[in-house]
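Nothing fancy with the numbering, it's 1 onward along the sequence.
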Amino acid sequence: MNLRPSTQAAELVRRRVATGTTAALLGLTVALGSGLVSPAAAAEPTAITGVILGVGADETQRTVSWYSSADTAQQLQVAPTASVVNGEFPADAATFAATGTVNIASSGGYNRHATITNLKEHTPYSYRVGSAGNWSATYSFKTQDFEGNYDFLFFGDPQIGSSGDVAEDGAGWQDTLDVALAANPDAELLVSGGDQVESANNEPQWNAFLAPDKLRQYPWAATIGNHDVGGKAYEQHFATPNTDKSGAYYSNGDPASNSSGGDYWYIYKDVLFIDLNSNSYATSQGGGGDAAHIAYVTDVINKHGSEAKWKVLTYHHAIYSPADHAKDSDNKTRRVDFPTTFSKLGVDLVLQGHDHSYSRSYEIKNGQKANPDEQPGEAQLYPGPGGVVYVTANSASGSKYYDITKPDNSGTSGAGNGADPLNPDSYWYNSVQNQEHVRTYVKVQVRNDQLVVQNVRSGTCAAPNSAVEKGNWCNNTAEGQPVGSLVDNFTVHNYHGDGQDIQVNVPNAAPGEFGWTIDGNNGLVDLGTAVEQGGDHFEANGRINPISVSDTRRSLAPWSISASVSDFRDAGKTFSGSYLGWSPRVLQAGAGAQAGDTVASGYTDQGKGLSVSRGLGSADQGHTRGTAKLGADLGLKIPDSVEKGSYQATLTITALSS
């Protein structure tokens, strides 16, 4: 880290939502939507179809959407699976009123949706939709820890029906979900790259897309593709959280038209996700174009970016991709409009679809390669401020693949499609390009200090693989590139600036032991999980990253290194930095270095701990020249009244010399 002559004001926080201290699924406020009436007399049973579990505003929520054959008042009923006996929901099962309206004529029936709130962590749930005496089948999902690491899966363009064979496209889509979730049963989100179907209002295609039962067990974060936008079926099938359906986010500027649109966002643990309708890109279409999306992303990140460690954008039209759409004029427009804003706002990862091929960009900053020395296929990425990685997903169903196209002489920045000087067969912006005509999906592992991204084969040349079965070439071999093997594997490391970010996971106050590890990777000082001691407080320990001091001045003037820590924060929760103490040490003698005084945690002596500047090391006038290395053992003691969370603080280092 760099030693600075002045204190740097920095505050890195992460977010945590209400947990078990709030009674689950009780005291809920609900409202009926338009067009919901009770029948005046008994009628034919209402058919419930198209049930899908969706992502909520955070990890304590899920949405559920479905179709109904009749315009009746309906509900979503939820209960912990353990309380559902012989298929009977308990009398105190939580009930959420559904909202919805009539479908467009080509879809028929009515759409309904409801949002489950106040979920508890580590709990299997069962749910059903409909009304008393006319419930759907019972489905289930489970929640996991509401803090810490998790995995999500990203799927490109199922586009059911694009091969001309809906059944075989659906079989490929089903197989990809089965393969992906068999390998990753604890994945917590399924994220869409758009183009769920070939024809926007073709309900047989939607039925094939919605057929896999995994879509009722894992939340689907929908994205609008160009094949989805041309009708209302997309909006009828998917309810999304925090959605702005203003005219600016519709390609034609008219939310009331036979079109789908809207931008939305949600936070899931440590990630702020923002999803854009990239079909609206030019104001000449009637909507707000890319400028409206830029304003939306800017507003969401300014308001909510501090609540998460990572920022991930999702939209359909890949601006850095290798195949048929790489040179499309609309994508060149987006390639000019988006990157500088994304870099400025600290976006980490952009997930895209549309080009039915796989690519991973270099680190892109302000529309050009951020690091000219980054090598093709480099596995460890340290983007620093402004570096963004863009990923394009291949087909998840096998319904359609696009072949990789050749660079031209249009330039190696901005909208250009020139060749990569390090790999002339690839575009300048792509670190990895791949097309084998096999189904794949992308796995993203969200960790404290890194994102691990893998492109995984979910099929081979064998069926189900519609495009290949209909005559497309395929160069994959089951022996050499089997299902589950990796096309690409890379890690994006977090950027910590000049300070040292310190993290500690605080569990709920409870008897028992809690394991923890120290991870000094990339500057994050991880104090692990605090352990309850004495029945009244938590303790955690670790070490700062060593600090080297070199002094070769002839004056032999004194010097000192000091530091102070900010408060520990987790969104709206906080505890004082005074609870952190340390014992400085000279790890490597030199430059006259002497260790600073031990500072106790303020919990021990009711003092201020490291919340005020404390000496780490120093040297007197006349010291010898040379290099020293300073360290410190950290000791954190906090009362057990501190709420569960994953807290972060910033240790600010100050170097002074005469």
Peer 1: Main chain of K608, side chain of S578: is a donor-acceptor contact present, judged purely on distance under 3.5 Å?
Peer 2: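 Not a single qualifying donor-acceptor pair exists.
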
Peer 1: Is atom NZ of K629 surrounded by more than 12 heavy atoms (other residues, nucleotides or ligands) closer than 6.0 Å?
Peer 2: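 No - once you tally the heavy atoms of other residues, nucleotides and ligands closer than 6.0 Å, there are 12 at most.
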
Peer 1: Partners of F342 by ring-ring contact (aromatic ring centres under 6.0 Å, His included), sequence neighbours excluded?
Peer 2: F338

Peer 1: Will you find, in the side chains of D501 and H496, an N or O donor that is under 3.5 Å from an N or O acceptor?
Peer 2: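 There is such a pair (donor and acceptor under 3.5 Å, judged by atom type) between the side chains of D501 and H496.
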
Peer 1: Dump the intermediate steps for side-chain hydrogen bond (donor to acceptor under 3.5 Å, both in side chains) on Q533 and E539, then the final yes or no.
Peer 2: CA-CA 7 Å; Q533 299 285 358; E539 294 185 11; 4.6 Å; no

Peer 1: Any chance you could lay out the ring pair (Phe, Tyr, Trp, His ring centres under 6.0 Å) test for Y218 and F141, step after step, and finish with the verdict?
Peer 2: CA-CA 6 Å; Y218 295 84; F141 65 90; 9.9 Å; no

Peer 1: Between D605 and K637 (salt bridge meaning N to carboxylate O under 4.0 Å), is one present in this structure?
Peer 2: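 Looking at K637 together with D605, the answer is no, because their closest N to O distance does not fall below 4.0 Å.
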
Peer 1: Measure across T115 and F96 and return the closest heavy-atom pair with its distance rounded to 0.1 Å.
Peer 2: O-CD2, 3.2 Å

Peer 1: Inspect the surroundings of CG in N302 and state if more than 12 heavy atoms from other residues, nucleotides or ligands are less than 6.0 Å away.
Peer 2: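 Counting neighbours around CG of N302, more than 12 heavy atoms of other residues, nucleotides or ligands fall under 6.0 Å, so yes.
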
Peer 1: Considering residues at least two apart in sequence or located in another chain, which fulfil the side-chain hydrogen bond (donor to acceptor under 3.5 Å, both in side chains) criterion with R360?
Peer 2: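 Counting only residues at least two positions away or on another chain, R360 forms a side-chain hydrogen bond (donor to acceptor under 3.5 Å, both in side chains) with S431, D488.
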
Peer 1: Could you tell me whether the side chain of V312 reaches within less than 4.5 Å of the side chain of V347, counting heavy atoms only?
Peer 2: no

Peer 1: Compare every heavy atom of A98 with every heavy atom of A114, then report the nearest pair and how far apart it is.
Peer 2: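 Closest approach of A114 to A98, heavy atoms only: CB-CA, 4.1 Å.
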
Peer 1: Looking at side-chain heavy atoms only, is the closest gap between I116 and L76 below 4.5 Å?
Peer 2: yes

Peer 1: For Y441 and N455, run side chain to side chain contact (heavy atoms under 4.5 Å, CB included): C-alpha distance rounded to whole Å, both residues' side-chain angles, the deciding distance at 0.1 Å, then the answer.
Peer 2: CA-CA 6 Å; Y441 66 94; N455 184 233; over 6 Å; no

Peer 1: What salt bridge (Lys or Arg N to Asp or Glu O under 4.0 Å) pairs are there with at least one residue in residues 295-304, not counting sequence neighbours?
Peer 2: D299-K303

Peer 1: List in chain and number order the residues that pass ring-ring contact (aromatic ring centres under 6.0 Å, His included) with F154, two or more places apart in sequence or in another chain; answer none if no residue qualifies.
Peer 2: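 So F154 forms no ring-ring contact (aromatic ring centres under 6.0 Å, His included) with any residue.
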
Peer 1: State, to 0.1 Å, how close A619 and G592 come at their nearest heavy-atom pair, and which atoms those are.
Peer 2: CB-O, 3.4 Å

Peer 1: Can you find a pair of side-chain heavy atoms, one from L177 and one from F155, that are under 4.5 Å apart?
Peer 2: yes

Peer 1: Between L153 and V442, is there a side-chain heavy-atom distance shorter than 4.5 Å?
Peer 2: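 Answer no - side chains too far apart.
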
Peer 1: With sequence neighbours left out, write down each residue that passes side-chain hydrogen bond (donor to acceptor under 3.5 Å, both in side chains) with D151, or none if nothing qualifies.
Peer 2: R447

Peer 1: List in chain and number order the residues that pass side-chain hydrogen bond (donor to acceptor under 3.5 Å, both in side chains) with N149, two or more places apart in sequence or in another chain; answer none if no residue qualifies.
Peer 2: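 None.
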
Peer 1: Measuring only between side-chain heavy atoms, which start at C-beta, is T654 closer than 4.5 Å to I561?
Peer 2: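 They are not in contact (no side-chain heavy atoms under 4.5 Å apart), so the answer is no.
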
Peer 1: Could you list the donor-acceptor pairs under 3.5 angstrom formed by side chains in residues 78-89, with sequence neighbours left out?
Peer 2:
| from | atom 1 | to | atom 2 | distance (Å) |
| --- | --- | --- | --- | --- |
| T81 | OG1 | P124 | O | 3.4 |
| T81 | OG1 | Y125 | N | 3.4 |
| T81 | OG1 | Y125 | O | 3.3 |
| T81 | OG1 | S126 | N | 3.3 |
| T81 | OG1 | S126 | OG | 2.9 |
| S83 | OG | P80 | O | 2.7 |

Peer 1: Which heavy atom of I267 sits nearest to which heavy atom of E59, and what is that distance?
Peer 2: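 Where I267 meets E59 most closely, the heavy atoms are O-OE1, 3.7 Å.
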
Peer 1: Apply side chain to side chain contact (heavy atoms under 4.5 Å, CB included) to the pair F152 and L351, showing each step before the final yes or no.
Peer 2: CA-CA 12 Å; F152 70 87; L351 300 174; 3.8 Å; yes

Peer 1: Examine distances only and state if a side-chain atom of D263 and a backbone atom of L276 form a donor-acceptor pair shorter than 3.5 Å.
Peer 2: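 Not a single qualifying donor-acceptor pair exists.
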
Peer 1: Checking K344 now: which residues fulfil side-chain hydrogen bond (donor to acceptor under 3.5 Å, both in side chains) with it, not counting sequence neighbours?
Peer 2: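 For K344 there are no side-chain hydrogen bond (donor to acceptor under 3.5 Å, both in side chains) partners, ignoring immediate neighbours.
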
Peer 1: Which heavy-atom pair separates V55 from L189 by the least distance, and what is that distance?
Peer 2: CG2-CD2, 3.9 Å

Peer 1: V492 and W310: which non-hydrogen atoms are nearest, and at how many Å?
Peer 2: O-CH2, 3.8 Å

Peer 1: Could you tell me whether the side chain of T574 and the main chain of F568 form a donor-acceptor pair under 3.5 Å?
Peer 2: yes

Peer 1: What salt bridge (Lys or Arg N to Asp or Glu O under 4.0 Å) pairs are there with at least one residue in residues 581-596, not counting sequence neighbours?
Peer 2: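 Qualifying pairs: R585-D633.
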
Peer 1: Distance from Q454 atom CD to S485 atom OG, nearest 0.5 Å?
Peer 2: 11.0 Å

Peer 1: Looking at S564, is its backbone amide N or carbonyl O close enough to the side chain of S613 to form a donor-acceptor pair, meaning the two atoms are under 3.5 Å apart?
Peer 2: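 Not confirmed, S613 side chain does not pair with S564 backbone.
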
Peer 1: List in chain and number order the residues that pass ring-ring contact (aromatic ring centres under 6.0 Å, His included) with W265, two or more places apart in sequence or in another chain; answer none if no residue qualifies.
Peer 2: H304

Peer 1: Would a distance-only check, ignoring hydrogens and angles, find a side-chain to backbone donor-acceptor pair under 3.5 Å from Y127 to R216?
Peer 2: yes

Peer 1: Of all residues at least two apart in sequence or in a different chain, which pass the salt bridge (charged side-chain N to carboxylate O under 4.0 Å, His left out) check with K142?
Peer 2: D186

Peer 1: The criterion is ring-ring contact (aromatic ring centres under 6.0 Å, His included); which residues satisfy it with Y579, sequence neighbours excluded?
Peer 2: none

Peer 1: Determine whether the aromatic ring centres of Y268 and Y150 lie less than 6.0 Å apart.
Peer 2: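 Here the rings of Y150 and Y268 have centres that are less than 6.0 Å from each other.
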
Peer 1: Going by side chain to side chain donor-acceptor pair (under 3.5 Å), Q503 matches just one of D449, N448, D526. Which one?
Peer 2: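 With Q503 as partner, D449, N448, D526 yield a single side chain to side chain donor-acceptor pair (under 3.5 Å), made by N448.
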
Peer 1: Under 3.5 Å, side chain of R614 to main-chain N/O of G609, donor-acceptor pair present?
Peer 2: yes

Peer 1: Say whether, by atom type as modelled, one donor and one acceptor occur between the side chain of Q500 and the main chain of L651 under 3.5 angstrom.
Peer 2: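 The answer is no, because no donor-acceptor pair under 3.5 Å joins these two groups.
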
